[in-house]
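Within every chain, numbering begins at 1; the chains are lettered A, B, ... in the order of the sequence lines, protein sequences first and strands thereafter. Owing to the predicted nature of the structure, the values given are computational and were not obtained by experimental measurement.
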Amino acid sequence: MPEAMDASPGAAAGGLAGRLWRGLRLPLGDPLAVFGLMIYVLFILTAVFADQLATHDPTEILYTPDYDLAADRRPGEDGYILGTTSLGRDIWSQLVYGSRSALLIGLTAAVMVALIGTLVGLVAGYFGGWVDAVLMRLADIAFGIPFLPFVIVLSAFLEPSIWNVVLAMALVLWRDTGRVIRSQVLSLRTRAYVEAARVCGSSDLKIVFRHIAPNILPLSFLYGSIAIGWAILTEASISFLGFGDPDTISWGTMLQDAYASQALSTRAFHWFVPPGLCIILVVVAGFLVSRGYEEILFPKLKE
Amino acid sequence: MTETILDIRDLAIAYRVAQGEMRAVDGASLAVPAGTITGLVGESGCGKTTLARALTRVMPGNARLAGGQALFAGRDLMTLPEAEMNRLRWREIAFVPQSAMNSLDPVYRVGTQLREVLVGRGGMDRRRARARAEELFGMVGIEPRRLGDYPHQFSGGMRQRVAIALALALGPRLVIADEPVTALDVIVQRQILDQLLELQKGLGLSVILVTHDISVVAYVCDRVAVMYAGQVVEAGDVRTVLTRPAHPYTMGLCNAFPHLDGARGVLTPIEGAPPDLLAPPPGCRFAPRCPFAVDACRRQAPPVQAIGGTHLAACHRIAEAEALRARAARVETWAAMAETVA
Amino acid sequence: DRIRELKLITRPQAAQPSEFQFAQIIAQEWRKLGLDVKVEVMPWEQMADVVWYNRDKWDMTAWQMVGRPERSDPDELLYNLYHSSTSAKGYNFVGYSNPDYDRVAEAQRREVDQEKRRALVFRAQEILAADQPVMMLVHPRSTFAFDKTVWDPASVVNQGGIGIKNFWTFVSIRPLGGQRDIVLNSSDNVQGINPLWISGGTDSWITELVWDRLLRIGPDGLPRPWAAENWEWTSPTSITVTLRPGQVWHDGKPLTAEDVRFSFEAAMGGEAPMYAPFVRNIAAIDVDGDRITFTLKEPSAAFLTSTLAKINLIPKHVWEPVLADLATREENAESHQEKMPIGSGPFRFVSWTTNEEVVLEANRGHWSAPAADRWILRIVPNAEAALGMLRSGQINFLADFPGDPKVLVDAAAADGDLEVVSTTDIGFRYVAFNNRRAPFGDPAFRRALSSAVSRELIVKAAFKGFAEPSNSIVSPALPFWHDPAVDNMPTGLDLARQILSEAGYELVGGKLHYPDGVRETLAE
Amino acid sequence: MSGPRAGVPLIEAEDVAMHFRVGSALSALVGGRPALVRAVDGVSLTLMRGESVGLLGESGCGKTTMGRLLLRLLRPSAGRIRFDGEDIAALSGAGLRRFRARAQMIFQNPFEALNPRFTIAAALAEPLENAGIPRAEWAGRIERAMELVRLPDPGQFLARRPHQLSGGQLQRVVMARALLLDPDFVVADEPVSMLDVSVRAGVLNVFREVRARLGLTAIYISHDLALVRYVCERTVVMYLGRVVEDGPTEAMIEDPLHPYTRALVAAVPTPDPDQSHAPLPIGRGAPDARNPPSGCRFRDRCPLAHDRCAAEAPRPTRIGARTVYCHLHG
Amino acid sequence: MSGMRQIAGRLAQLVFVLWAVATILFLMFRLMPGNPLAAYIDPTFTEEQQRILMARFGLDRPLWEQYLIYLANLLRGDLGDSFFYRQPVFDRIMELLPNTLVLTFSSLIIAYGFGIVVGAWLAWARGGLAERIVIPVVLTTRAMPEFWLGMVLLAIFSFWLGWFPAGGTRPPGAEYDSLLALYASRDFLSHLALPVLTLAIYSQGLPLLLMRSNMLEVMREDFVTMARIKGLPRWRVVVLHAARNALLPVATSFAIAVGYQIQGNVVVETVFSWPGLGRELVNAVSASDYPLAQGAFLMIAAVVVVMNLIADLLYGILDPRVSHA
Ligand SMILES: Nc1ncnc2c1ncn2[C@@H]1O[C@H](COP(=O)(O)OP(=O)(O)OP(=O)(O)O)[C@@H](O)[C@H]1O
Ligand SMILES: Nc1ncnc2c1ncn2[C@@H]1O[C@H](COP(=O)(O)OP(=O)(O)OP(=O)(O)O)[C@@H](O)[C@H]1O
Ligand SMILES: [Mg+2]
Ligand SMILES: [Mg+2]
């Protein structure tokens with residue numbers, strides 16, 4: 001009996017970190033999702049140890065003492081692992097540092113989208129009334145804003161920076177998360193156990209955090225992991241269109257650089273394929289993880 | 001007596017699940033006389049739907065025939081080639097599902113769904129199909145002009161009538177109705193049952209009516225079979241089974257129902273829960289909940305025995321039925337089990 | 001005082017890869033002198049806003065002057081870029097001010113005697129070389145290509161300082177086979193097709209072909225007769241031209257001297273502000289039959305190049321009502337896009353599809369009718385696609401190649417059907433110092449920075465060798481005006497350090513400091 | 001807890017109405033009237049202390065809504081509800097917390113009434129924590145409540161999660177949770193309709209017992225007259241958001257006054273093979289809460305309806321201990 | 001009746017959203033530091049000339065007045081004059097919008113046709129090898145940056161194989177009587193092929209996955225089981241019952257996808273030199289042509305909002321549960 005009691009309200013408290021970790025409910029049951037998580041880990045490690053992995057400063061223009069640019073080196077040539085760009089920068093180092101921007105953009109965007117969307121959804125769904133009305137009208141507006149054009153316009157005003165993508169996502173893309181979570185909250189709110197919590201005197205705050213939030217967290221993570229991919233793809237598109245930040249090495253700017261330098265014509269596959277692959281891998285990883293969450297959320301899909 | 005239209009013998013159906021194979025129906029036997037309504041009762045999960053669906057041979061992907069036969073007019077439905085089975089479906093054997101809302105395709109008008117069956121399965125031309133559809137609607141008491149409506153435009157009771165009309169469309173010999181009134185209010189339920197009775201009598205249909213409500217059985221059925229944990233434990237004509245049950249489970253079931261008139265006596269629950277079908281107990285499956293269980297019950301499965309006429313039961317103490325019935329009427333008999341099964 | 005962090009503005013890599021690249025290199029080198037240099041990237045519009053309109057707010061900027069035929073005369077560059085009178089508002093955005101230089105620049109513009117003027121132009125180049133108001137980098141080589149299986153290479157004209165993409169080529173280029181359309185590309189959109197509006201660079205290719213001018217700058221860089229048969233200076237301020245007979249507008253009406261007068265007056269009126277500077281010197285225009293006499297306010301050596309070879313001849317019967325209408329409204333002629341532009345040039349307008357193509361056809365009735373049938377300009381926004389289209393035959397004249405010239409040359413070598421021609425340009429690239437602002441007010445400091453960077457490195461690293469190192473704003477492509485004495489400026493970090501220390505600058509703790517007693521004062 | 005004092009009203013509902021707006025607010029703005037569902041439309045109801053009342057009616061007639069109104073889970077569109085003399089709409093803060101401790105609910109679907117992520121112990125601790133009961137008392141209270149609902153050996157359940165219990169057990173846990181704080185008033189919303197017949201009786205018995213032992217005031221919501229009869233002495237029959245008949249259960253079954261009640265009584269099937277097959281005294285058709293008929297709501301299905309039924313809504317008529325809303329008795 | 005009311009409500013919402021977007025845009029463009037016309041004022045201009053130019057675009061008035069004029073003009077369909085072209089923005093946009101729409105719709109129709117069929121088939125063949133191969137491939141196509149995919153297709157099919165032209169909508173100098181004649185021509189189709197292929201490859205994933213999961217869900221529904229119990233032919237069950245129902249949300253998603261696609265076109269139009277609205281927006285933003293950028297943005301937003309509305313209405317039309325409520 002006493003030990004059963006320990007397992008009880010403790011399960012509801014138990015430290016924020018622990019609760020978050022449990023809230024994460026990493027989709028470890030699904031092999032594809034695990035594969036996605038492994039890709040994440042790989043890229044996170046690369047980003048963390050970028051300084052050790054990179055062989056050069058990714059933006060340094062490399063030239064020989066007699067003023068010959070070390071440009072267009074093929075992989076392996078002169079010790080450049082993936083060769084150099086036609087402006088004389090080391091591709092391998094750029095790729096390695098690119099993972100940092102990707103991680104930065106991806107994670108912050110994911111956190112923004114998930115956090116804002118979740119808060120909006122929770123507040124609108126649970127409290128309803130005019131708060132809901134205002135928030136949902138804002139969501140309507142956000143749904144009316146074409147995203148990529150918005151990022152373009154935004155980058156034109158602010159200094160070119162990878163944060164523009166994050167900012168735009170925070171300003172616009174919470175809408176999907178917000179709406180889905182709101183409708184989820186609306187349905188959770190009428191669940192008998194939420195009603196039961198009210199009958200037994202739980203405050204709104206307690207109900208939201210104890211009974212509702214834990215059930216929508218996986219949904220937030222689902223949207224968060226999709227947002228990672230979106231952010232990275234958007235950053236790449238923006239860079240490709242020339243609105244990127246030239247001082248920050250990202251896979252998008254690398255692709256743009258390659259494209260502007262006609263890597264296609266010169267068949268410099270070693271230049272434009274790796275960043276493309278990295279983008280695809282990370283984005284696919286996001287999809288796989290989000291599918292893992294989907295199966296947690298809607299287990300009927302499995303059967 | 002009358003001829004038997006359906007003879008189910010030792011039927012077993014198994015589901016593949018994560019933990020292994022579960023026999024949802026495990027050696028069930030049942031004879032359905034032609035032109036009667038046979039009730040199939042039992043608590044949730046005892047395999048009623050599984051049995052009923054098996055007769056159509058449209059089963060979930062993880063289901064498998066694990067033995068037995070179902071002879072329909074002499075032919076074994078379980079081994080019939082698929083093409084031939086498909087010819088039988090709906091023309092000979094029709095089905096009324098529990099939830100008519102979900103069983104009607106929401107995107108087609110009900111008239112279209114009737115026509116699909118009449119034309120596609122009945123081979124009628126469109127004009128005849130139209131006339132027949134109107135006739136069917138008349139039979140179940142819905143105005144023919146509502147053929148043009150969509151399912152969601154009907155109330156629950158009317159949908160159930162539509163489902164009955166659909167089942168009767170091709171003049172089948174056997175109608176299997178899986179809990180056709182469970183989700184309905186009492187008044188509507190009564191109206192549907194009246195309708196069903198009237199049609200059955202008028203058309204001379206044979207009906208298998210699946211339900212968990214003994215009152216419904218008492219109201220419409222000629223015969224009844226009681227299922228427990230995948231097996232038919234008692235069968236016979238309604239009056240006999242309900243007034244002189246021979247199996248302790250049936251006795252318990254009858255005691256658990258509140259009556260509207262008569263003494264406001266105490267209801268008696270059957271303590272405990274049905275067995276886990278993945279690992280059913282040896283011997284009689286009801287033994288763990290049975291206040292009359294003896295050692296033999298726990299060791300050996302009782303055979304189905306005839307008590308008289310068509311009354312059958314599977315119980316080791318069938319000879320003492322009379323005495324047991326008397327004991328079963330007392331609350332204490334069952335309450336004593338509460339401690340044992342918990 | 002320690003020298004503050006200096007900011008070098010450049011355009012983004014996507015827009016200007018070589019500029020971006022040389023800015024990076026230069027900053028990388030200057031840091032070795034003990035300076036803090038930050039490269040700031042901004043798009044052209046923002047850069048223009050800062051540099052033109054906030055003249056005391058910036059330190060240094062990468063800049064570019066493009067080669068236009070009328071810049072074949074050195075006057076525009078010498079006077080406008082560095083004369084102190086244009087410092088407040090005009091082209092002298094660097095704020096260079098030197099009375100000696102002003103005198104020389106004024107003198108050359110009035111001097112009608114070629115030889116004497118040449119000496120003055122040389123003198124001006126030498127003063128600039130000594131003062132280094134800007135850090136001259138290179139005259140790039142403009143590189144174009146065409147399909148030599150379609151066009152006869154002998155019929156392609158290479159205009160000095162401009163390259164093979166020029167008026168003369170388009171008029172004379174000769175098809176070898178059945179493909180008789182010039183299909184060329186541009187990476188910029190066409191803004192308008194308007195003889196009274198100097199819009200985008202690409203637009204001028206079209207206006208040049210559709211509208212004739214009295215004179216045209218020849219492949220040799222000198223003005224030659226065109227719609228005017230000849231010209232004659234009757235006094236230092238008066239010039240008479242005779243119209244070539246038999247010219248007609250594309251709509252069939254004859255071209256008269258009245259039309260010519262109308263064209264110049266249209267530019268002098270308020271409705272075509274961008275042409276106004278070119279006709280500001282005209283005091284009067286008199287018409288006498290086929291002869292038109294221009295009376296100038298003051299002598300001008302560059303009048304032929306910058307005015308007579310510049311103003312488009314427009315039909316009075318088309319434009320007179322238009323201009324009268326515009327005079328009553330806020331819009332000016334720049335907003336008037338003719339549905340069917342009418343000129344008298346060797347090509348006639350056919351169609352314009354936004355962001356896609358402009359089609360002109362040969363004006364067979366022209367006295368100098370082109371050999372090709374049509375001139376089709378395709379808008380291809382990026383180099384990769386342009387090159388691919390050239391190789392696959394979807395275009396046959398590569399008129400705009402923002403990409404890496406080396407890739408083009410390699411591609412041509414591999415292909416065999418393509419001919420690539422590169423020509424040293426009139427235009428040039430440089431880094432402008434803001435002369436108004438410390439520490440750039442000190443010529444020694446400017447000289448030191450300028451000599452710190454090897455131009456060879458710039459040529460190789462930023463231009464892939466497709467540029468000529470330069471220390472003069474007058475291109476070597478104009479041999480008559482270019483002063484060879486200023487070429488070959490010595491460079492090197494050691495030299496730069498020497499200049500700095502001679503001028504009193506000191507290195508303290510690895511950072512460069514002003515000479516003793518000099519304090520940094522900025523008028524913000 | 002004060003003992004039951006018969007004859008003292010605990011709950012008084014006066015002319016309570018609950019109208020749900022369906023459809024979006026914006027379309028209402030543009031198109032005028034929004035669609036209204038009159039789930040409860042003018043119900044007056046008084047419950048004495050210790051009294052248990054069955055709330056009977058077909059699906060959608062507003063039973064659950066009424067129950068939720070009484071517990072202040074909804075705020076009525078009109079009318080007033082007093083609990084122990086206090087208007088519950090005015091409650092807030094500590095007053096509301098006290099009310100929450102005194103008025104409890106037992107839910108229809110025990111599988112949903114407990115948060116699947118909580119252990120049974122955590123679920124049971126929640127009301128105690130909210131009521132500010134000292135932690136030391138929790139175990140004792142929980143044990144007592146579990147005993148009340150006849151869950152022998154509670155220790156074996158506490159660490160489990162809901163899906164590891166059977167329906168009957170779960171429903172008893174839900175009851176235990178409702179009884180933890182010694183409430184005065186309990187609303188049971190069809191507590192056995194999701195349960196299997198064989199276990200139903202057990203839960204009903206517990207409910208009857210607990211009510212009697214604690215002197216609870218209770219409302220038992222159901223659409224099954226036989227069940228109501230089993231647990232309640234008094235029954236209120238609702239039809240389309242209104243009360244049609246109110247009185248002692250036995251009398252109602254013996255002699256239903258309202259035509260609807262009559263049909264209801266006739267329709268209830270019994271496990272008796274000899275029951276009557278006489279046609280039901282009611283027309284076909286389905287009630288629609290969005291467009292209820294004028295006057296008496298039952299008139300379009302009523303075999304005895306006459307002109308007056310369409311014209312005016314029937315007023316309550318008292319006949320002994322019973323009240324009926326029908327013009328036939330007016 | 002209530003249907004009309006609902007449409008009226010949604011229209012009001014649409015107008016509200018467009019107004020909000022227009023206002024946000026206005027504020028963004030006007031509150032930006034610096035002279036909006038900087039890029040278009042030649043330094044040789046006199047003060048007077050500059051003033052005239054400012055007045056020409058109404059930039060000399062106070063902000064609120066500009067805003068009111070802007071709104072009033074919007075109502076009249078007047079999006080102002082482009083700085084870059086010195087022409088009415090509306091005309092430019094109307095010239096480019098059809099190209100963008102053709103690209104969007106043709107690619108989506110292909111993507112949806114393919115996605116629906118393959119998605120349904122995958123649901124049918126659930127759990128098989130096909131699923132294990134196709135799904136990762138589909139996910140990968142959605143993860144590819146569109147421009148990257150476009151570049152690769154361009155390199156292969158245009159530059160190397162020479163099967164398709166690399167850009168534009170028509171062969172050089174080709175003339176057509178009308179836009180329709182152009183769109184109906186073979187030349188146009190060959191120009192359309194690569195950008196459409198790029199977009200279609202990118203977009204097919206959504207309908208495919210959606211169709212598959214809907215199908216899986218619908219196949220579990222009672223009415224599908226019932227159709228089988230009725231002894232209906234297998235194809236009828238799968239196509240007329242399962243697929244027909246699974247199609248509902250997919251069809252609705254089409255309209256929403258149009259909205260999404262039209263935003264994404266920005267990139268593909270740039271790769272394939274496609275004279276459409278997206279590329280014009282990029283040009284306008286790069287050229288600081290605010291009126292044009294604003295107009296193009298608004299037009300795209302309008303398409304998005306209208307498509308969202310159509311999605312709603314479509315749902316109502318296609319799903320009898322809503323339309324016949
Ligand atoms: N597709 C399936 N896969 C695995 N197990 C199943 C499946 N369908 C049913 N079962 C299990 O088989 C047993 C019998 O189910 P069945 O639906 O036949 O019972 P039932 O008597 O109809 O119950 P109810 O009264 O609830 O409808 C149950 O334990 C059920 O959980
Ligand atoms: N939150 C709500 N919003 C809109 N309508 C509602 C809401 N809650 C209930 N209703 C409607 O109010 C009416 C009464 O509902 P209520 O749940 O009270 O009925 P009930 O008698 O409990 O029915 P049941 O026996 O099916 O539980 C129904 O028509 C229902 O659809
Ligand atoms: Mg069943
Ligand atoms: Mg209810």
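- Ranking C:N194, C:V190, C:D203 against chain E, the residue ahead of the rest is C:V190, based on heavy-atom pairs under 4.5 Å.
- Your options are E:T169, E:T270, E:D81, and the one with the most heavy-atom pairs under 4.5 Å with chain C is E:T169.
- Separation of atoms CZ (E:F159) and CD (C:Q394) is listed at 7.5 Å; rounding is to 0.5 Å.
- At distances below 3.5 Å, at least one donor-acceptor pair connects side-chain atoms of E:Q87 with backbone N or O atoms of C:S335.
- Counting heavy atoms of neighbouring residues, nucleotides and ligands inside a 6.0 Å radius, atom CZ of E:F90 does not exceed 12 of them.
- Closest of all the heavy-atom pairs between E:P275 and C:T354 is CB-O, 3.5 Å.
- With rounding to the nearest 0.5 angstrom, the CZ atom of E:R86 is 7.0 Å from the CG atom of C:N332.
- Within the 4.5 Å cutoff, side-chain heavy atoms of C:N189 are placed close to those of E:E280.
- In this structure, chain E has no heavy atom under 4.5 Å from any part of C:V358.
- Shown here for C:E357 and E:P171, the closest heavy-atom pair between the two residues is OE1-O, 4.0 Å.
- The shortest distance between side-chain heavy atoms of C:E384 and E:L154 does not fall below 4.5 Å.
- Shortest non-hydrogen contact noted between C:V350 and E:E175 is CG1-OE2, 3.7 Å.
- In this structure, C:N355 and E:N283 have side chains that are in contact, with non-hydrogen atoms separated by less than 4.5 Å.
- Of the residues considered (C:V380, C:N382, C:I376), C:I376 shows the highest number of contacts with chain E, using heavy-atom pairs under 4.5 Å.
- Using a 4.5 Å cut-off between heavy atoms, C:V183 touches chain E through its side chain atoms alone.
- The part of C:R378 that comes within reach of chain E is its side chain, from C-beta onward, which places non-hydrogen atoms under 4.5 angstrom from that chain.
- When E:E95, E:R92, E:R170 are compared by the number of non-hydrogen pairs under 4.5 Å with chain C, E:R170 comes out ahead.
- For CG of E:D177, the number of neighbouring non-hydrogen atoms (other residues, nucleotides, ligands) closer than 6.0 Å is 12 at most.
- Minimum heavy-atom separation, E:F84 to C:W197: O-CH2, 3.1 Å.
- Counting heavy atoms of neighbouring residues, nucleotides and ligands inside a 6.0 Å radius, atom CZ of E:R186 does not exceed 12 of them.
- For the options C:L387, C:T353, C:V50, C:V359, heavy-atom pairs under 4.5 Å to chain E are most numerous at C:T353.
- Counting heavy-atom pairs under 4.5 Å between each of C:A385, C:P381, C:G192, C:A276 and chain E puts C:P381 at the top.
- A 6.0 Å sphere centred on CH2 of E:W163 holds no more than 12 heavy atoms belonging to other residues, nucleotides or ligands.
- The heavy-atom pair separating E:S273 from C:I379 by the smallest distance is CB-O, 3.9 Å.
- In E:L75, the CG atom is crowded: over 12 heavy atoms of neighbouring residues, nucleotides or ligands sit closer than 6.0 Å.
- Across E:P172 and C:R374, no two heavy atoms sit closer than the pair O-NH2, 4.0 Å.
- For C:S392, the part sitting under 4.5 Å from any heavy atom of chain E is the side chain, from C-beta outward, and nothing else.
- In this structure, C:Q337 and E:D91 have side chains that are not in contact, with every pair of non-hydrogen atoms separated by 4.5 Å or more.
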